[in-house]
Novice: 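Next up is a structure, given as C-alpha cells.
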2 protein chains.
Amino acid sequence: MKSQLRRGTLEMVLLRLLSEGEMYGYEVASELARRSRGRFEVGDGTLYPVFYRLEKEGYVEPTWRPQDRGVPRKYYRLTPEGTEALETLMAEWRGFVEGVERILTPAADEEQKS
Amino acid sequence: MKSQLRRGTLEMVLLRLLSEGEMYGYEVASELARRSRGRFEVGDGTLYPVFYRLEKEGYVEPTWRPQDRGVPRKYYRLTPEGTEALETLMAEWRGFVEGVERILTPAADEEQKS
DNA sequence: ACCGTATACCTTGTGTTGCAAGATACCTGG
DNA sequence: CCAGGTATCTTGCAACACAAGGTATACGGT
C-alpha cells in the first residue's frame, strides 16, 4: 500500500543521490535507507530497473570498475541531461506536495469560488 | 509521468474532502482542482473507481439523492472506519514526504554513519 | 574442504492503479 | 432539435514497485 506512494519519486531520488557523485547500486540502496531513516527502503529488484530506465533516457552513464577484491561494481554517473531532469522532477514534486497539502489543510483563506 | 506521483494519495485526498461533509463525484473533482489550484486535476474516469474501492473497504457509504431537476446524484459519506483510515493515510503521507525531503536536502547534520 | 553469509549484479512475473476513451441519460439555451 | 453542460459508469491500457529467484565472488568458522 504505502509502496504506491513511492511511484514517481524513485527516479528523482536516485538522480539526487548521483548528483553528489557516482555511486553503485547497492550503495544507493543503503544510502537511501540511511538518509531517510528507514522511511525509504528499496530492494535491489526495484532499483536496477530504475537505473536502466534512467540510462535509456540518457540521464545516467554506467562504468564498470573492477575491485581489488570482490565482484566488479557498476558505477553510475549523472549526465548534464540528468541534472536538468532532476531539477524538473524536483519542481514537479514540490508543486505536487504543495497541492496535496492545500487539500489536506482547509486553509480558510482561499475563498475564491469557481 | 507526473501522474505517477498521484498514486497512493488519491484515496487520502478523497477521504479528506469527505471528512468535511458528504459530496458527489463531480463535486469532488471540481473541488480538488479548485483547492489545489489546478495542481491536482483528476478525470471522472479516475475518480469513480476510487470511490468503489473506498466503498468496498467500508470507508465510505453512498446515497442516491434525486434532484428537483437533472440526474440523481450519488453522495458519499465518510464512515468511522474511513475517518480512521484517513488518519493512518495522512500519517503515512507526512512520514513519506519527510523521508523524501531528507534525501533531497543533504542536511549536513545527520552524520551518523551506518 | 565445506558451508553459511555478505556483497553485488540481473531477470521474470504479478498486482495495483491512474488515465484516456467511450457510453448513457437528463436538462437548458439558441 | 441539437449543441453543450451536468452527472454517472465501464473497458482496456500502460507504468512501475516489488517479491522471488538466479549468478558470481570473497571471507569466516568448523
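Chain A is the first sequence line, chain B the second, and so forth, proteins listed ahead of strands; every chain is numbered from 1. Worth saying up front: this structure is predicted, and the values here are computed from it rather than measured.
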Novice: Heavy atoms under 4.0 Å, any strand shown: does A:Tyr52 hit a base, just sugar-phosphate, or nothing?
Specialist: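 Here A:Tyr52 touches the backbone only, sparing every base.
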Novice: Below the 4.0 Å mark, does D:dT6 have OP1 or OP2 next to a side-chain nitrogen or oxygen of B:Tyr26?
Specialist: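 No, no such contact exists.
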Novice: Once you apply a heavy-atom cut-off of 4.0 Å, does B:Arg7 come out as touching a base, just sugar-phosphate, or nothing?
Specialist: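 Base, at least one base heavy atom under 4.0 Å.
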Novice: Between A:Asp68 and A:Asp44, who's closer to the 5' end of DNA chain D by nearest nucleotide?
Specialist: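 Nearest-nucleotide comparison on DNA chain D picks A:Asp44.
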Novice: If only side-chain N and O atoms of B:Arg69 are considered, is one of them under 4.0 Å from the OP1 or OP2 phosphate oxygen of C:dT28?
Specialist: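 So the side-chain polar atoms of B:Arg69 do come within 4.0 Å of the phosphate oxygens OP1 or OP2 of C:dT28, strictly under.
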Novice: For A:Gly43, which contact category applies under a 4.0 Å heavy-atom criterion: base, sugar-phosphate, or nothing?
Specialist: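 Counting heavy atoms under 4.0 Å across all strands, no contact is made by A:Gly43.
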Novice: Is the phosphate of C:dG18 approached by B:Arg53 (side-chain N or O, under 4.0 Å from OP1 or OP2)?
Specialist: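 Yes, B:Arg53 has a side-chain N/O under 4.0 Å of OP1/OP2 on C:dG18.
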Novice: Counting only side-chain N and O atoms of A:Thr46, is one of them less than 4.0 Å from OP1 or OP2 of D:dC18?
Specialist: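 So the side-chain polar atoms of A:Thr46 do come within 4.0 Å of the phosphate oxygens OP1 or OP2 of D:dC18, strictly under.
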Novice: I want to verify a distance call: between D:dT8, C:dA8, D:dC16, whose nearest atom is closest to the B:Lys74 side chain?
Specialist: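 The answer is D:dT8.
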Novice: Would a hydrophobic clustering, with Ile, Leu, Val, Met, Phe, Trp and Tyr connected at side-chain separations under 4.5 Å, put B:Val71 with B:Tyr24?
Specialist: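 No.
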Novice: Taking only N and O in the side chain of A:Arg6, is any of them less than 4.0 Å away from OP1 or OP2 of D:dC18?
Specialist: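 Checking A:Arg6 against D:dC18: at least one side-chain N or O falls below 4.0 Å of OP1 or OP2.
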Novice: For A:Arg65, is there any backbone N or O sitting under 3.5 Å from a side-chain donor or acceptor partner on A:Gln67?
Specialist: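 Pair found, side chain donor or acceptor close to backbone of A:Arg65.
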Novice: Tell me the interatomic distance from A:Tyr24, atom OH, to C:dT7, atom C1', rounded to whole angstroms.
Specialist: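 Atom OH in A:Tyr24 sits about 8 Å away from atom C1' in C:dT7.
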Novice: Between A:Val71 and B:Glu27, which is nearer to the 5' end of DNA chain D once each is assigned its nearest nucleotide?
Specialist: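 Taking each residue's closest nucleotide, the earlier one in sequence belongs to B:Glu27.
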